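Down below is the structure, laid out as structure tokens.
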Amino acid sequence: MAERYDPVAVETKWQKRWDETRLNNVDIDGAANPFYNLMMYPYPSAEGLHVGNVYAFTGADIHGRFKQLQGNDVFEPIGFDAFGIHSENFALERRTHPMELIPSNIANFTRQLKRMGFMYDWDRVVDVTQPEYYKWTQWIFLQLYKAGLAERRQAPVNWCPSCKTVLANEQVIDGRCERCSSEVTQRFLDQWFFKITDFAQRLLDNLEWIDWSDSTKRLQRNWIGRSDGADIDFEIVGHSDKKLRVFTTRPDTLFGATFMVLAPEHPYMQEITTDEHRSEVESYVRNALAMDLVERRKAGEERQKTGVDTGAKAINPVTDEEISIWVADYVLMEYGHGAIMGVPAHDERDFEFATQYDLPIRIVVIPADQYEGFDPDADLEAAFTEHTEDEVLVNSGKFDGVPAAQAIKEITDWLASQGRGEHAVNYRIHDWCISRQRYWGPPIPVIHCEKDGAVPVPEEDLPVVLPHVENFRPDESGIGPLARDPEFLNVECPKCGGPAKRETDVSDTFLDSGWYFMRYPSTDRHDVPFDANRTKKWLPVDMYIGGEEHAVLHLMYSRFLTMALHDLGHLPFEEPYEKFRKHGLIIREGAKMSKSRGNVVIPDEYVEQYGADTFRTYLMFLGPYEEGGDFREQGITGIARFFDRVWDAANGELGDGPPETEEIEQKLHATIKKVTEDIASLQYNTAIAAMMEYLNIARASGRAARRSEIEPLVVMIAPFAPHLAEELWQHLGHGDSIFTGTNWPAYDPKLAVADEVDIAVQVNGRLRATISVPRGASEDEVKEKALAEDGVQRHMDGKQIRKVIFVPDRLINIVVG
RNA sequence: GCGAAAGUGGCGGAAUCGGUAGACGCGCCAGCCUUAGGAGCUGGUGGCCACCCGGCCGUGGGGGUUCGAGUCCCCCCUUUCGCACCA
């Protein structure tokens, strides 16, 4: 072996050998101990692999290699998320075509990924832009369509004026397009929706048991946004055939409902508005609908509430009072029933609205301690929204004095018994709009016939191949570029044979990524999307590691698709990822990395200078993997030095026999324990620190190490620095790859703890000495030894011992006074 | 506004069923070595005082519980993330 560690030479050698021996190509049908280690496949950008990709993949690869070393058959696939607006916009900008751009990007990514030494099975790559893949994406659309889970409907949708396409709710961040940050506007268009809302409760319920990062679960819970409350019907004066249904989470405040408000889109608007108010209402509604989404959604302080009286009246079902019905754009048609009961005393928005238009305010909930002698006509300065056991109802007839939390249920039950309302649940999540008026995606497999309407493409006709369209630039029309290809557009209706037109929208790229992990084990199967036996063997995914930015996008959508396919009998499980861990974000010198700042870390440069192993390990050393870290130029030398020392230690004259001293042996076992536990829980930074610490002890005073001291260390660095570990493993006389067989070292728990322990000696809680005693020493022994210490005696100052606190093997505190 | 997480040396970060704060690494300082280099090795490195033993202070700020608090409780400040007129 070379005298000095030359990372690039070592890495070149082993990457070639892994390829030749097919080390990472798993036996997909025969593996005895399958472990599916998944990472979020990248979008292959023209800029090449980003350090964020490397960070994500390294952490996942370490976990996979660790499992491999423990004897699992690890399947670690990779693919390319190459459809979508991102690629398409880039191609437009560069005046090229995605069909030319993408293959070269993928080739570049492949080169870079191979150079990093990830243990990918390169025989099972998924490229979602290949017809053999998107054929099955279209097939999934057809399955959902057949099951009634895909439907075309006209709805207000988010329109990005720059990308010139509609977007799903999840793709709108703060009212802006997640891709280009343009302000999103609202359009009414015919779009395809997947009915993810049908699964809202299951998506929520399963979060109870799936093993995911808590923060990711929380994001999903918030996005699903379950609210419990009641639907309540209000009669409309003069329209006995119609009732106004509202949803409220606060049925306890029903006696305080002094007006109602409809969303501008509410279907009853026309009919109930009185002639006297008609022109005012119509102009208000026209105005509201013309306003774009962002402006309209500006809340509270940013924009004053506006609204107009419709002149119509409703009856409060509990007070029998006539209350006025207003229209206001702060009420949203998409949520609940597009109408609310206005309870100004106990809702901040209603309070603001009532104050503005001088509507009556009636207090019906007050703190319990103000119940006696409460003045029903007291003025309110702001809405009072508390509603626990400590608040009680007033002005509420027979419910006076009932705690608010309890009244929610009682009033709901009472309304239900009279057929005027019922317990109800609402969700914030919307159906998933999958249509995109763009080019670079799988065509939605539907044909529109004048006679038969929307007809699904027969399965045997899949794939509907995406044609090469020269001018794929999107426009304002709301019609996708595929409409420009007459050969694609004009077809026969599969049902009646008459002239028909293809659907020209393509599907959202999140549909591609919603099922890619199901395809990996079956990439060589062209007759089915996923082979049943392999699916049973490998899925659900054992470990999924990725960024949290996909919590409500990819992760939500793929859970939904998995559930739907499960219900349709295609999958034996309903949750795709048994275990998911988010990784943190990596910043540089305390600042976010961005092209405009010019501080982006280019992985290639570091890999060339220090090697992939050092770069990988440094990234993992920056901070806790699940929290991210701060990339600092200089720090990487610390890892380079560590590996130099590992190399030197293994390269020297190695002695035989067990570890030379008890101290080294103890430290070795403690280190194996710590590294094993830390890797299992993704605490890579402390695992690396522990290995450094161990090496510092094992090679203290420049002694020659023994094989028994070094070999376990070589295995422990293998997940981080696979090439280096292979080279050293070979040097130590092993024929096979270190990743063949089960080489992860075991530790003896008895040896992992020291025989002698240092105990802190405190006097009145302040550290005064440290003594060394045998592990498990009794309180009396420790006390005797502690009292003999000079420092202890001095601080006791001859005073009486009042109390002794003893924590075995840790601390003794002598309280005097 | 609501929800969540986090504030520790010059820097990245260790340590939370309450028990020696600052592991590991970067940087810095001193010394050694040397085909004098941005290499390697050894030692030191929270602050203040003493600078020999040692002492006091110290985990965003202020209170509290405790023999003992970075860790638990209350109030406040700051930062980051998510949601945001969701009734």
Side-chain angles (χ1 to χ4, degrees), chain A residues 4 173-175 214-215 218-219 221-223 225-227 229 246-250 253 261 263 296-303 305 328-332 334-343 346-350 352-353 426-430 548-549 551-552 585 587 589-590 592 618 621-624 627-639 641-642 644-645 648 683 685-696 700-702 758-770 790-791 794-795 802-817:
Chain A
R4 291 190 58 89
I173 314 290
D174 283 335
D214 286 337
S215 56
R218 194 159 44 235
L219 289 172
R221 262 189 211 109
N222 291 344
W223 189 259
R226 178 186 160 117
S227 293
V246 303
F247 173 72
T248 178
T249 54
R250 297 290 309 279
T253 65
V261 189
R296 191 176 152 187
R297 292 245 168 125
K298 272 188 186 156
E301 303 132 40
E302 285 185 67
R303 193 165 73 87
K305 289 195 172 30
D329 65 5
Y330 81 91
V331 175
L332 309 173
E334 312 89 89
Y335 191 76
H337 308 289
I340 61 155
M341 62 181 202
V343 185
H346 305 293
D347 181 281
E348 284 164 13
R349 299 151 298 180
D350 296 346
E352 192 192 331
F353 192 72
N426 257 277
Y427 301 92
R428 219 187 58 100
I429 193 172
H430 287 48
E548 199 165 39
E549 67 275 15
V552 299
L585 297 177
I587 58 173
E589 315 274 340
K592 263 187 193 160
Y618 178 56
F621 189 58
L622 292 177
E627 281 159 47
D630 190 356
F631 190 95
R632 289 177 177 267
E633 204 70 28
Q634 283 176 322
I636 195 167
T637 59
I639 301 295
R641 286 173 193 163
F642 172 54
D644 278 338
R645 289 195 284 263
D648 291 344
Q683 289 166 291
N685 57 331
T686 49
I688 295 164
M691 290 189 281
M692 288 173 165
E693 218 177 315
Y694 169 67
L695 186 66
N696 288 345
S701 56
D758 288 336
I759 287 196
V761 182
Q762 296 180 337
V763 178
N764 285 348
R766 310 195 62 127
L767 183 71
R768 297 305 178 188
T770 309
D790 278 352
R794 194 169 50 238
H795 288 280
R802 287 209 313 210
K803 196 172 173 187
V804 173
I805 286 112
F806 177 64
V807 183
D809 297 333
R810 297 215 76 141
L811 162 146
I812 186 163
N813 186 11
I814 297 159
V815 185
V816 298

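All values below come from the heavy atoms of this structure, side chains included, with hydrogens, waters and symmetry mates left out. Source: prediction; values computed, not measured.
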Check every atom of B:G13, B:A87, B:G27 against the side chain of A:T637 and return the nucleotide holding the closest atom. B:G27

Between B:C57 and B:G63, how far is it from one P atom to the other, in whole Å? 15 Å

On RNA chain B, check which nucleotide each of A:S215 and A:I688 is closest to and give me the residue with the more 5' one. A:S215

Closest non-hydrogen contact found for A:F353 with A:A328 is CE1-CB, 3.7 Å

Would one find a side-chain N or O of A:N222 under 4.0 angstrom from OP1 or OP2 of B:A84? no

Provide the distance between the two C1' atoms, one in B:C48 and one in B:G9, to the nearest whole Å. 15 Å

Using a 3.5 Å distance criterion without hydrogens, assess whether the side chain of A:D630 forms a donor-acceptor pair with backbone atoms of A:E589. yes

Looking at every strand, decide which applies to A:H346 at a 4.0 Å heavy-atom threshold: base, sugar-phosphate, or nothing. nothing

Gap in Å between the two C1' atoms, one belonging to B:C17 and one to B:C11, rounded: 33 Å

Starting the side chain at C-beta, find the nucleotide from B:A5, B:C83, B:U20 nearest to A:R428. B:C83

When you compare B:G18 with B:C73, how far apart are their P atoms, in angstrom units rounded to a whole number? 11 Å

Under a 3.5 Å limit on both distances, the Watson-Crick or wobble mate of B:U8 is none

So, A:T637 versus A:Y618: side-chain donor-acceptor pair below 3.5 Å or not? no

Looking across every strand, which nucleic acid part, if any, lies under 4.0 Å from A:E548 by heavy atom: base, sugar-phosphate, or nothing? nothing

Considering only heavy atoms from C-beta outward, does the side chain of A:M692 approach that of A:I639 to under 4.5 Å? yes

Answer with base, sugar-phosphate or nothing: what part of the nucleic acid does A:V807 contact at a heavy-atom distance below 4.0 Å? base

When both distances are under 3.5 Å in a Watson-Crick or G-U wobble arrangement, the nucleotide paired with B:C83 is B:G1

Name the pairing partner of B:A50, where a pair is Watson-Crick or G-U wobble with both distances under 3.5 Å, or state none. none

A:A689 has its side chain closest, among B:A23, B:U20, B:G25, to B:A23

What does A:R645 touch in the nucleic acid at a heavy-atom separation under 4.0 angstrom: a base, only the sugar-phosphate, or nothing? sugar-phosphate

Quick one: label A:V246 by what it contacts on the DNA or RNA (base, sugar-phosphate, nothing), any heavy atom closer than 4.0 Å. nothing

Name the pairing partner of B:G13, where a pair is Watson-Crick or G-U wobble with both distances under 3.5 Å, or state none. none

Picking from B:C24, B:A84, B:A39, which would you name as closest to the side chain of A:R641? B:A39

With the side chain defined as heavy atoms from C-beta on, A:L767 is closest, among B:A14, B:C56, B:U20, to B:U20

Would you mind telling me which of B:C85, B:A87, B:G82 lies closest to the side-chain atoms of A:Y330? B:C85

Scan A:N813 against the nucleic acid and name what it touches under 4.0 Å (heavy atoms): base, sugar-phosphate only, or nothing. base

Could you let me know what B:U59 is paired to, Watson-Crick or G-U wobble, both distances under 3.5 Å, or none if it's on its own? none

Write down the distance separating the C1' atoms in B:C33 and B:C41, rounded off to the nearest Å. 7 Å

Touch check for A:R768, heavy atoms < 4.0 angstrom, all strands: base, sugar-phosphate only, or nothing? sugar-phosphate

Any strand counts, and the cut-off is 3.5 Å on both contacts for Watson-Crick or G-U wobble. Which nucleotide pairs with B:C32? B:G40

Could you check A:I173 against A:L811 and say which one's nearest nucleotide on RNA chain B is further toward the 5' end? A:L811

Checking contacts here: which listed nucleotide (B:G25, B:A14, B:C85) is nearest the side-chain heavy atoms of A:K305? B:C85

According to the Watson-Crick and G-U wobble definitions, with both distances under 3.5 Å, which nucleotide is paired to B:A69? none

Looking only at atom C1', what distance separates B:C53 and B:G62, rounded to whole Å? 37 Å

Under 4.0 Å between any heavy atoms, over every strand shown, what does A:D350 touch: base, sugar-phosphate, or nothing? Just pick one. nothing

Looking at every strand, decide which applies to A:L622 at a 4.0 Å heavy-atom threshold: base, sugar-phosphate, or nothing. sugar-phosphate

Tell me which nucleotide among B:U20, B:G25, B:G82 gets nearest to the side chain of A:L219. B:G82

From the options B:C57, B:A87, B:G19, select the nucleotide whose nearest atom is closest to the side chain of A:R766. B:C57

Quantified in whole Å, what is the P atom distance between nucleotide B:G22 and nucleotide B:U45? 11 Å

Let's see if you can work this out: which of B:G19, B:C56, B:A15 has an atom nearest to the side-chain heavy atoms of A:T686? B:A15

